[in-house]
Protein chains: 2
Amino acid sequence: MTAVDTKSTILDVAEQRFADQGFAATSLRQVTADAGVNLAAVNYHFGSKEGLVKAVLMRRIEPINDERRRRLDALPDPPPLEDVVRAYIEPAMQTASQVSGFCRVFGRLSAERPPFLAGFFGEQFGELGRRFVAMLAKGAPALDVQTIWWRMHFTIGAMSHTLLNAEVIDEVSEGACGTADRAAVCEQLVTFAIGGFVQRGETR
Amino acid sequence: MTAVDTKSTILDVAEQRFADQGFAATSLRQVTADAGVNLAAVNYHFGSKEGLVKAVLMRRIEPINDERRRRLDALPDPPPLEDVVRAYIEPAMQTASQVSGFCRVFGRLSAERPPFLAGFFGEQFGELGRRFVAMLAKGAPALDVQTIWWRMHFTIGAMSHTLLNAEVIDEVSEGACGTADRAAVCEQLVTFAIGGFVQRGETR
DNA sequence: GTCTATAGGTTGATAGAC
DNA sequence: GTCTATCAACCTATAGAC
């Protein structure tokens, strides 16, 4: 066994490239050249470009969703609303703070959403999403199910946008937002999301 | 003058294609074939593929930002926080409800962010973004500037994600969220964003 | 303004030697 | 498992006739 094997080197480089450029704009030639491996290695190890991007995503999503399930399992009944929100946000934000490529690869691909990934996100998130909605409904009994769904989508959008555009946020705010302190970013997001969730209903 | 001229037909078709597939995955051959015009017409009217996508974006962004400026101009001093939030969200959501392609083309391209558009979004949003931050700060004097910036980014993320994924939201929520009623979606979003903004500070 | 034809380059994937 | 060589398809952009 060498220091790092071809397969995981390809995964690392591909994650970075897909994060920077997206799926359609990234060629296998770029990936294999950066990784210092042969062009044919991608097809040998992953079958196709689509197989590669799925492998890149799965490597990060599975541990995050496992951690989310573990946290939901540990909550009391009824669960505090804040803890449910944190169970969703924190595992992803912590991974993003440890794995630089993941900061954007997930947000980018979920925005680009190439056709062959259409079912993929539904599979990864369907059952877990329904569990979160059920828990949120218990934590905020005054809200109807439709409102819970909407607010979860808004929370996902805020998080996805933040993961995707960290450096843009730094730039456009002229340094007011320090994205380097990931823990502080996570707290800002949690606070905002909880504020959105505790609203009673329409404002007009 | 014919019923619809070549140039605006290309813009309409390109908007739809870029919305569905993004920039890199859309070829000029698809656009010109759908539009029933010649391949060379794109380069004649827009100079290049990049020129085309900029024209597609400008056609929608300019009126939206003009309307936002008009609304900011009309606010009292100090402005009610809710009205500032509405001044940002409503012009975009109303355009999205009238122009089906815009629902996704803006969110998609701002997520894909091809390199040549890097400066474009900054130009379109820089001055206006600073104006919104200043107005939000007046409307929520208890918050520091950094928190204002973060919450505006979260609001943009929630809106962008909603515009981009309307049909996905319908599907994953199993119909609980009716995206067809655009006005109701807009109200859900405004309510959520205001809730996030009125939070006093950290929750822990 | 619109067309055909094509230049000049890239892509994903694979066959077959080692 | 890794390599070279190559295929067939696709792309943007342009030159030049009408």
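Letters A, B, ... mirror the listed sequences (proteins, then strands); counts begin at 1. Quick note: numbers below take in every heavy atom, side chains included, and nothing from hydrogens, waters or symmetry partners. Because the structure is a prediction, the values reported are computed rather than measured.
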key: Distance, rounded to the nearest Å, where Ile10(A) contributes CD1 and dG12(C) contributes P   = 14 Å
message = Under a 4.0 Å threshold between the charged nitrogen and the carboxylate oxygen, would Glu15(A) count as salt-bridged to Arg104(A)?
response = no
message = Rounded to whole Å, how long is the line connecting atom NZ of Lys7(B) with atom P of dG1(C)?
response = 9 Å
request  = Would you please confirm or rule out a distance under 4.0 Å between OP1 or OP2 of dG1(D) and any side-chain N or O of Asn38(A)?
outcome  = no
ask   = What integer distance in Å separates Leu39(B):CG from dT4(C):P?
value = 10 Å
query = Quick one, which residues of residues 42-55 of chain B touch DNA chain C with a heavy atom under 4.0 Å?
reply = Tyr44(B), His45(B)
message = Need one value for Thr26(B): base, sugar-phosphate or nothing, where a base atom within 4.0 Å counts as base even if backbone is also close, heavy atoms only.
response = sugar-phosphate
inquiry  = Does the Lys NZ or Arg CZ of Lys49(B) fall within the cation-pi geometry relative to Phe23(B) - under 6.0 Å from the ring centre and within 45° of the axis?
reply    = yes
request  = Would you indicate, yes or no, if dC10(D) has its OP1 or OP2 atom less than 4.0 angstrom from a side-chain nitrogen or oxygen of Ser27(B)?
outcome  = no
query = Just by distance, do the side chain of Glu82(B) and the backbone of Ile194(B) share a donor-acceptor pair under 3.5 Å?
reply = no
query = Within 45 degrees of the axis of the six-membered ring of Phe106(A) and under 6.0 Å from its centre: does Arg60(A) put its NZ or CZ there?
reply = no
ask   = On DNA chain D, nearest-nucleotide positions of Ala41(A) versus Arg29(A): which is more 5'?
value = Ala41(A)
task = Describe, in one word, how the ring planes of Phe192(B) and Phe192(A) are oriented to each other, choosing from parallel (under 30°), tilted (30 to 60°) and perpendicular (over 60°).
result = perpendicular
ask   = Is Glu127(A) salt-bridged to Arg130(A), cutoff N-O under 4.0 Å?
value = no
